Amino acid sequence: MTFNPLVVFFAAIFTNNMIFSNFLGMCSFIAVSSDIKTSIGLGQAVTFVLAITAPINYLLYHYVLVPFGLEYLRYIVFIVSIAAFVQLVEMIVERSFPSLHQSLGIFLPLITVNCAILGVSLFMTIRNYNLITSTLYGLGSGLGWMLAIVALAGIKKRMKMSAVPEGLQGSGITLIITGIMALAFIGFSGIVQIS
Amino acid sequence: MGKIFTTLLIFSLFTGFLAFLLTLAKKTIGNYGTMKVTINEEKEIEMEGGDTLLSGLTEEKIFIPSACGGKGSCGYCKVTVQSGGGEILPTELGYITPEERERGIRLSCQVKVKEPIAISIPEELFLVKEFHPTVTAITDLTPNIKHLLFSFPEGEEITFKAGQYVQLRAPKYPGNSEEVFRAYSIASSPAEHQKLELIIGLVPDGICSTYVHKHLSIGDSVTITGPYGDFYYQDSNREILMVAAGTGMAPILSILHQMKAMDSPRKAAFYFGARHEEDLFFLEKMKEFESNLVSFEFIPSLSKPHNEADWTGQLGRVTTCLQRDLMDPCEREAYLCGSPRMIDSIVEVLIEKGIPEEYIYYDKFS
């Protein structure tokens, strides 16, 4: 079955959002969402890494692993290539955007183990996307992840002024907000089929 | 067999390629070369690009005070950056006031040297050196306060002003995985250049004080840097008022030693606050100062004596004593040492009693 790349792209942002329908990439989503500017920065970094690693992992999988019958190595290969590109992104960010580098702190290297990124690489191989679809799927997932974290940061900024019950402050209320946001997004699921 | 071989070969080629790519990136993107740092418009040093200003200066044996070891959590390592260094970082904002920001003050542990930088630091910091003295005596002053005596090896000499402090390094030890520096006021006489005394109180869960109280023993060698601080004895004819509690006695002792060495005729009073009888120490030493100095009075005050009937000194908090004693208008200057809360309340009383703020010197122990 082939999918329209554009449909996959938009589905990855809205109806099949990484955070709200797959619950992948939650740790940095919750931890770095207290400031809109920082979350935009992390969102951009995640989008960049996703858009690059999706086609690279596609090529690795179909032109290196499959011909040699080494598909079972895909986890380790994907993780290593993701790690290398995160390292590269970190060097670039440190050189060009020191302020962003400081505010992202440990979460930039932690993109390496952001499940959303490995998730994209695995989904695209399981769903048999072609190269263009995979690339757009990676880009869309990144944008979707950024949309989610920026939206959460915006809500959290307003939450600072509200009286949250003591037991729910911090991550408690954040998870509840995420759940409610997910309900809104899941309402659109099923409109398009991407798997 | 062939399968294992191809697997290994392909995987090695793949990881090798990535390693090559990253090394190439490190050589180009991550390489800042050596950078020139100009200090106080006269001294020029070369620094490894990409390093923090603090670690670069430490390598050049210029010691900026820092308690946390460059993690950006103490806010001590402030320097004035005149040019270069980039924008102020979010990690610094909590420690730099808007007015300091105007003047270009930055935390040197957060500034990365990626371009030529010009900074200015106080001249005194050039006098700061690293020393490796040996512990020669440890005495218990109270259940929680120890008195330590250090002697310097051949060739090391410290010169400081009475009232200044040094930083003591706590190394890694069982239960502590990080190296930290903590500030302690010098209790010995500035005339002694090869001996140093410190008074160190045990802070619950304190990394350095636990090291001193539980792990340090006679004969051990320690690392200290110093001297630091703008709290020191000032020459004038004003009457001296000294107030301290607990380990705050250390810099006062140094000042008293200095006064004795100068045979100072100045009138001086030292109010020492404590809770119980066992929190008092060096009473003998204070008696000696009382008889050796021209006009010196030691006034201990207990807020909660166990045995009120037997206690002959002052009763209540130091602030109450000051309220009562400072009735006569006369030219005074004050030296205060203790917790920030205590100092704030005393400064309030002293200003109310007519001591001008510029003559109130204090060292907040926090």
Side-chain angles (χ1 to χ4, degrees), chain A residues 32 34-42 48-49 52-53 56-109 112 121, chain B residues 1-33 35 48-53 70-73 81 84-96 101 106-115 117:
Chain A
V32 192
S34 40
D35 175 58
I36 295 182
K37 235 173 107 185
T38 316
S39 43
I40 290 177
L42 187 65
F48 180 74
V49 171
I52 301 242
T53 55
I56 284 179
N57 283 344
Y58 176 90
L59 294 174
L60 274 173
Y61 184 75
H62 288 279
Y63 294 97
V64 180
L65 297 184
V66 173
F68 291 96
L70 301 175
E71 293 94 333
Y72 63 93
L73 280 182
R74 63 172 183 263
Y75 296 136
I76 187 167
V77 167
F78 288 170
I79 288 174
V80 170
S81 78
I82 289 169
F85 278 91
V86 170
Q87 184 105 56
L88 201 63
V89 170
E90 193 189 4
M91 285 184 200
I92 296 171
V93 171
E94 185 176 8
R95 175 120 207 179
S96 320
F97 313 98
S99 178
L100 178 64
H101 185 255
Q102 279 289 333
S103 47
L104 290 179
I106 190 68
F107 288 99
L108 190 54
T112 316
S121 289
Chain B
M1 205 50 210
K3 176 103 181 165
I4 294 175
F5 186 72
T6 28
T7 314
L8 285 179
L9 184 73
I10 287 173
F11 195 70
S12 316
L13 280 176
F14 166 65
T15 42
F17 172 70
L18 289 180
F20 170 73
L21 207 67
L22 284 178
T23 316
L24 213 63
K26 173 111 181 78
K27 283 255 181 284
T28 51
I29 306 172
N31 183 10
Y32 301 91
M35 290 294 159
E48 189 72 34
D51 268 7
T52 67
L53 196 53
K71 289 200 294 288
S73 59
V81 176
E87 278 295 295
I88 193 160
L89 300 175
T91 37
E92 297 170 68
L93 291 174
Y95 302 98
I96 309 270
R101 200 173 159 178
R106 303 277 307 265
L107 292 188
S108 60
C109 68
Q110 301 297 307
V111 178
K112 289 211 168 157
V113 186
K114 293 176 181 169
E115 54 190 341
I117 285 186

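Convention: sequence-line order gives letters A, B, ...; per-chain numbering from 1. Computed from a predicted model, the values in this text were never measured in an experiment.
Between B:Lys3 and A:Gly69, the shortest heavy-atom contact is NZ-O, 3.0 Å.
In the displayed structure, A:Tyr72 atom OH is contacted under 6.0 Å by more than 12 heavy atoms of other residues, nucleotides or ligands. With a 6.0 Å radius and a threshold of 12 heavy atoms from other residues, nucleotides or ligands, B:Phe14 has its CZ atom above the threshold.
Rounding to the nearest 0.5 Å gives a distance of 6.5 Å between CZ of A:Phe85 and CG of B:Leu18. To the nearest 0.5 angstrom, B:Lys26 atom NZ is 9.5 Å from A:Gln87 atom CD.
Interface summary for chain B: among A:Val77, A:Leu88, A:Asp35, A:Leu73, the most heavy-atom pairs under 4.5 angstrom belong to A:Val77.
With a 4.5 Å cut-off on side-chain heavy atoms, A:Glu94 and B:Ile29 do not count as touching.
Both the backbone and the side chain of B:Leu22 come within contact range of chain A, each with at least one heavy atom under 4.5 Å from a heavy atom of that chain. For A:Ser81, the parts lying near chain B are the backbone and the side chain together; criterion is any non-hydrogen pair under 4.5 Å.
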Check against side chain to side chain contact (heavy atoms under 4.5 Å, CB included), B:Phe11 and A:Ile76: CA-CA 9 Å; B:Phe11 195 70; A:Ile76 187 167; 3.7 Å; yes
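Contacts from residues 56-66 of chain A to chain B, taken as heavy-atom pairs separated by less than 4.5 Å, involve A:Leu60, A:Val64 in sequence order.
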